[in-house]
Amino acid sequence: MERFRKLCASRTFILFLVIALLFVWGISRLFYFQIVHGEEYSEKAKNQQLSDKEIEARRGTIYDSLGNVLAQSATVYNIFIDPSNITDTNRSVIVDLLSGVLEFNSEEKQKLYEQTKAEGKYVVVARKVEYNIRKQVADFMNADENRTYKLRSCIGFEEATRRYYPYGSLASTVLGFTGTDNQGLEGIEAYYDEELKGVNGRIITAQSAVSSSIMEDYETTIPAQDGNSITLSINSSIQYVLEQELRDTLEEYDAKGTYGVVMDCQTGAVLAMASLPDYDCNEPRKVVYEPYLEDIREEKDKDKKAELESAYVQKQWRNFTVSDTYVPGSVYKVFMASGAIEEGIADLNTSYTCTGAIRVGPEVMHCWVRQGHGHETFTQGLENSCNPFFITIGQKMGVHNYFKYFDGFGFTKKTGVDFPGEASPQYYKENQYGIVELSSASFGQTNNISPIQICTALCAVANGGTLYKPYLVSEIKNSEGKTVSKTEPTAVRQVISKETSQTVLKMMKSVVDNGTGKNGYVAGYNVGGKTGTTTKLGESGKGEKDKYIVSFSAIAPTDNPRVAMIILCDEPCEDLGGGAVCAPIAARVVEEAMKQLGVEPSFTEDELKDRSVSLMSVSGKKTSDARNALKNAGFSVKVVGDGDTVIRQSPSAGTEVPKDASVVLYTESNEEKTVTVPDFSGLTIAEANRKAAECDLNMIISGNDSSSSLVVAYKQSEDKGNKVGIGSVIKVTFKSTQSALD
């Protein structure tokens, strides 16, 4: 009996010990799962019980100042697969379907095959495909003959967005572009990314043990919040003309780059901004500039080719006008003149005799005209871009006054323009100037500043002396169209007086009328300008022979300024200054800007004499009456056919033609007589007129209309070799080729 009791006690103890151990083990496991790995297993449980899909927010639209869409987002689709539902029965069908529609190569197809065997329930196999691709896949999935494969449980679609740029490369170095995750990477897209990108939403759905969605009552949707839309101050018409002219010049002079900024001088709004070579925003990683492509094609080493391509892509993205600095050269003389007049150091009666050089301490500094300009007034000194004259002005001002206006015009700080990567100016501090540095700085050398700084300062000269902060975005609206913010002009400081401003504007107008900037002339508008040439600095900090940046700054109209601009050409292949290379661009941009801003031309008597007229209509009239009417209006007439009634005329009614145009009258329904357009390039105005007359064509003169033999044609509205009807009007643009490396 005693033995039995001991046995029971022993067994009870063992049972208790087992239960205790099991209890401790259970508690420890519970601690392990809930405390040590609680978050991990909780997350796994949620993933098994809930389906969480992201709803991508639509990025805000970017408009120009005219309401044109420059960037917008459209719906596209991600295609995903659920590997847990893919079997050996339908795997090959799925792989063949998707790789075929998506045009996968063999490596991509193999990767897709491996993805169908992956763990998990959600693998994206294609991102941001167009609707037609989605439809091809969906149609195959829903076809009756394919229902046995149960593809709908294996392949799915989710909405996404893709960024589109309707105008391709227009304003590309301003707009920038977005990445694969819809984030802004360059330009306005990057600077205003937080405003544009919006907030993604979610769809959270309860699902069964076999991962099928259950009852909509268990679905929660957090809607996406679309991004704000942005309106730029950029006028796409002015932007287009600026880019077109810069592109032509880039190609004509085989330049390293051409750049330009156009601003509303009364507000600081940027109306146009371009840096070429540029790129297509829809394909930002594609090299498009032909000289770059030639270099890439010539490189045989695979790694070096890839490096070269990457470097050129980066160059195409870069906005020189904001992100780089350069030595401004003689365009800076406008600001020197402003400071000198404001301080009473010089006026329009101040004069100087230029001998071609001036001694400054131990150095001799030369004028770009080595024989000198002789005796000249202050206005003539600016017209001639005379370096010794402005050296004497700088020495009279002294370091303190020089630096006062250097700082006042904003050249010691970034402008604060709403654009990423603005370059900091590189300049001598006030206590670093000696007589040589001051003299050099007085005609635009020594210091490095950015084009946007130059243009901002020009606006101050133009508008009566107020320096405004430049801006690119004028308004931001939310997805409901309500205004979130609106940019108001921000005055930084008063730099010069209104009287000084008006005096300098007259001097700048004289540069275009009589000086180195004659190619900036635009009939009907008073244009002020200043040419500039900069010798580029090498790695040693010394000038590189035959490497220049040439430029032209302009303000128009000088009697009531509306726009200011700076145009630059980096390393043109010919030794020509800004007056020959850049001023013609400025003239064309001024012409378009005045049109866009509604500024009516005011022609002088001489301009009215040469101005084209709108051709009257004589179609349907008796031939004799039509001939008499045209001759009485000063036109010459040529009749084609023996009919007694005019069937049609060339040029057509309403066309702008020269006052002495030749008009062709057709009196029978025979085919139009044509002529081959000649090449006018390099011809003087007189030579081009003769050539046009020989070909039975009418010519309208544009650009520099001086009768000088140095003024030659460089652009024509119809390409040489084209066939046009006799009597057609060809617009030929002229410019002076006189070199002024000032």
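Classified by interplanar angle (parallel below 30°, tilted 30° to 60°, perpendicular above 60°), the ring pair F409/F335 is tilted.
A salt bridge is absent between R611 and E607: the closest approach of a Lys/Arg side-chain nitrogen to an acidic carboxylate oxygen does not fall below 4.0 angstrom. Using a 4.0 Å cut-off between charged side-chain N and carboxylate O, K731 and E656 make no salt bridge. Remark: K404 does not engage E430 in a salt bridge, criterion side-chain N to carboxylate O under 4.0 Å. Between K735 and E252 there is a salt bridge, since a side-chain N of the basic residue sits under 4.0 Å from a carboxylate O of the acidic one. Comment: R59 engages D193 in a salt bridge, judged by a side-chain N to carboxylate O separation of less than 4.0 angstrom.
Closest heavy-atom contact between I449 and P328: CD1-CG, 3.8 Å. A274 and Q239 make their closest contact through CB-NE2, 3.9 Å (heavy atoms, listed as atom of the first residue, atom of the second, distance). T321 approaches P451 most closely through the heavy-atom pair O-CD, 3.4 Å. Taking all atoms of both residues into account, the shortest heavy-atom contact from N228 to L196 is O-CD2, 3.4 Å.
Put simply, the side chain of S474 gets close to the backbone of T231: a donor and an acceptor are under 3.5 Å apart. Side chain of Q266 to backbone of P561: a donor-acceptor contact under 3.5 angstrom is found. Formation of a donor-acceptor pair under 3.5 Å by the D264 side chain with backbone atoms of G268 is not found in this model. E245 contributes no side-chain N or O that, together with a main-chain N or O of R588, makes up a donor-acceptor pair within less than 3.5 Å. Panel note: side chain T161, backbone S73; no donor-acceptor pair is recorded below 3.5 Å. Side chain of N447 to backbone of Y428: a donor-acceptor contact under 3.5 angstrom is found. Between the side chain of S233 and the backbone N or O of L472 there is at least one donor-acceptor pair closer than 3.5 Å. A donor-acceptor pair is defined here as one N or O able to donate and one able to accept, closer than 3.5 Å; such a pair exists between the side chain of Q183 and the backbone of D181. Proximity of a side-chain donor or acceptor of E475 to a complementary backbone N or O of T483 within less than 3.5 Å is not detected. A distance-only check finds a donor-acceptor pair linking the side chain of S501 to the backbone of V461 [under 3.5 Å].
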Under the salt bridge (charged side-chain N to carboxylate O under 4.0 Å, His left out) criterion, do R285 and E186 qualify, and how do the steps go? CA-CA 12 Å; R285 289 173 176 80; E186 290 286 338; over 6 Å; no
Going through the distances and angles, do D280 and K286 end up as a salt bridge (charged side-chain N to carboxylate O under 4.0 Å, His left out)? CA-CA 8 Å; D280 186 336; K286 181 180 179 181; over 6 Å; no
Determine whether D513 and K506 satisfy the following criterion, salt bridge (charged side-chain N to carboxylate O under 4.0 Å, His left out), listing intermediate values before the conclusion. CA-CA 10 Å; D513 291 346; K506 290 177 182 177; over 6 Å; no
Decide yes or no on salt bridge (charged side-chain N to carboxylate O under 4.0 Å, His left out) for K477 and E195, but give the supporting numbers first. CA-CA 9 Å; K477 292 184 178 181; E195 294 285 352; over 6 Å; no
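Sparse packing is recorded around CD of Q225, with 12 or fewer heavy atoms of other residues, nucleotides or ligands lying under 6.0 Å away. Residue K482 places its NZ atom among 12 or fewer non-hydrogen atoms of other residues, nucleotides or ligands, all under 6.0 Å distant. Atom NZ of K128 has more than 12 heavy atoms from other residues, nucleotides or ligands within 6.0 Å.
Separating the CG atom in D570 from the OG atom in S275 is a distance of 10.5 Å, to the nearest 0.5 Å. To the nearest 0.5 angstrom, R493 atom CZ is 11.0 Å from T466 atom OG1. Here the CE atom belonging to M273 is positioned 8.0 Å from the SG atom belonging to C455, to the nearest 0.5 angstrom. With rounding to the nearest 0.5 Å, the separation of OG1 in T487 from OH in Y471 is 6.0 Å. For the atom pair OG of S169 and CG of D278, the computed distance is 5.0 Å after rounding to the nearest 0.5 Å. The structure places CG of L458 at 8.5 Å from OG1 of T456, a figure rounded to the nearest 0.5 Å.
The one candidate from Y405, F411, Y427 that meets the ring pair (Phe, Tyr, Trp, His ring centres under 6.0 Å) condition with Y332 is F411.
Proximity of the aromatic rings of F419 and Y191 is defined here by a centroid distance below 6.0 angstrom, and this criterion is not met.
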